[in-house]
Structures are given as structure tokens and as C-alpha cells.
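Working notes, structure below.
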Amino acid sequence: MGKFIYDGTVKVEIEDRALTHIQLVIGAKLRRGEPFAFSWREDASVGGGRTTVWVHPGSSIVYKYYGGRQPAINRAWVDALAFTANAPAGLYLVPEPAETAADDAPEHDESEAPSVS
């Protein structure tokens, strides 16, 4: 389980694979200077409810991963998450869609920016 930490005080545990995909979407949005809301449901162990943060180029964000390996990227999931980030309600975690044949093609260099719309 990784952690998303916002401004040093707001923290949520997110599975490493999901966190990697969220990081790609957030990075793409911030590179374009596009602020947006990011929401998640809190676990019942911390009182439940929902948290929303406003993500902008000046945000202090830390992605803390439990595992040391970079997960394979599911382009369909990046696209689905980007779709939510571009909507008025903002980014939220959606279930990972099945990968398509195009997603099985050889991956590009990880240093390239993802093509998130």
C-alpha cells in the first residue's frame, strides 16, 4: 500500500498500482498548468467519509510507494482517470479497465510524458 500525501498533512493509503496511474494523470495535468480537484473515500477505520483536495502547480504532493518496482502501465486506466480529472467533479479512482490489444504493444520510454487528455 502506497500513500498519497498532500501538503504534508492530508494522507491516504492507495495501492501502489493505482497510485502509479494517479501520479501519471496528476503529473500531466500539472505540467499543463491545469488545477483540479482530487477526491477519495476514507476508510471506515479513520472515520469514513470523503476527502477532496485542490491540486494546483503550487501543491506539495508526495507519492510514497511500498514496493520498489514500477508497475506496468494500463493506458486505458490512465485515460479513464484523466477523463474524471477533466470533468467538473475532478479526479477520483475508477476501477481498472481490461487492457486492450493496443495496450499490449511494447511500452514507450518511461521518460516520455504520457498522452493524457
Quiz item: How long is the span from the CG atom in L24 to the CH2 atom in W77, to the nearest 0.5 Å?
Solution: 11.0 Å
Practice problem: Answer with yes or no after comparing the ring centroid distance for F4 and F38 against a 6.0 Å cut-off, counting only values under it. | Solution: yes
Quiz item: Nearest heavy-atom pair of H21 and V78: which atoms, and what distance?
Solution: CD2-CG2, 3.6 Å
Quiz item: Measuring from T20:OG1 to N74:CG, what's the distance to the nearest 0.5 Å?
Solution: 12.0 Å
Quiz item: Stepwise, does the side-chain contact (heavy atoms from CB on, under 4.5 Å) test hold for V12 with T51?
Solution: CA-CA 9 Å; V12 63; T51 298; over 6 Å; no
Exercise. Grab the two heavy atoms, one from G33 and one from P57, that are nearest each other, plus how far apart they are.
Key: CA-CG, 4.2 Å
Quiz item: Out of curiosity, D16 CG to Q70 CD, how far, rounded to the nearest 0.5 Å?
Solution: 10.0 Å
Quiz item: Looking at R17, K3, Q23, which one forms a side chain to side chain donor-acceptor pair (under 3.5 Å) with Y65?
Solution: Q23
Quiz prompt | Nearest heavy-atom neighbours spanning S39 and R50 | solution = OG-NH1, 4.4 Å
Quiz item: Roughly how far, to the nearest 0.5 Å, is the CD1 atom of I22 from the CD1 atom of I14?
Solution: 4.0 Å
Quiz item: Under a 4.5 Å cut-off applied to non-hydrogen side-chain atoms, are V55 and I26 in contact?
Solution: yes
Quiz prompt | Reference residue V10; test side-chain contact (heavy atoms from CB on, under 4.5 Å); the match among V53, I61, I5 | solution = V53
Quiz item: What are the two closest non-hydrogen atoms of W54 and P35, and how far apart are they?
Solution: CZ2-CB, 3.6 Å
Quiz item: Would you say the side-chain atoms of T9 and D7 include a donor-acceptor pair closer than 3.5 Å?
Solution: no
Practice problem: Treating Ile, Leu, Val, Met, Phe, Trp and Tyr as nodes and any side-chain heavy-atom pair under 4.5 angstrom as an edge, say whether W40 and V62 lie in one connected cluster. | Solution: no
Exercise. Please tell me if the side chains of K29 and N86 come closer than 4.5 Å, counting only heavy atoms from C-beta onward.
Key: yes
Quiz prompt | Approximate separation, where rounding is to 0.5 Å, of M1 CE and L19 CG | solution = 10.0 Å
Self-check item: Point-to-point distance, once rounded to the nearest 0.5 Å, from OH of Y6 to OG1 of T52
Solution: 11.0 Å
Practice problem: Can you see which heavy atom on A89 is nearest to which on A37, and at what distance? | Solution: O-CB, 4.0 Å
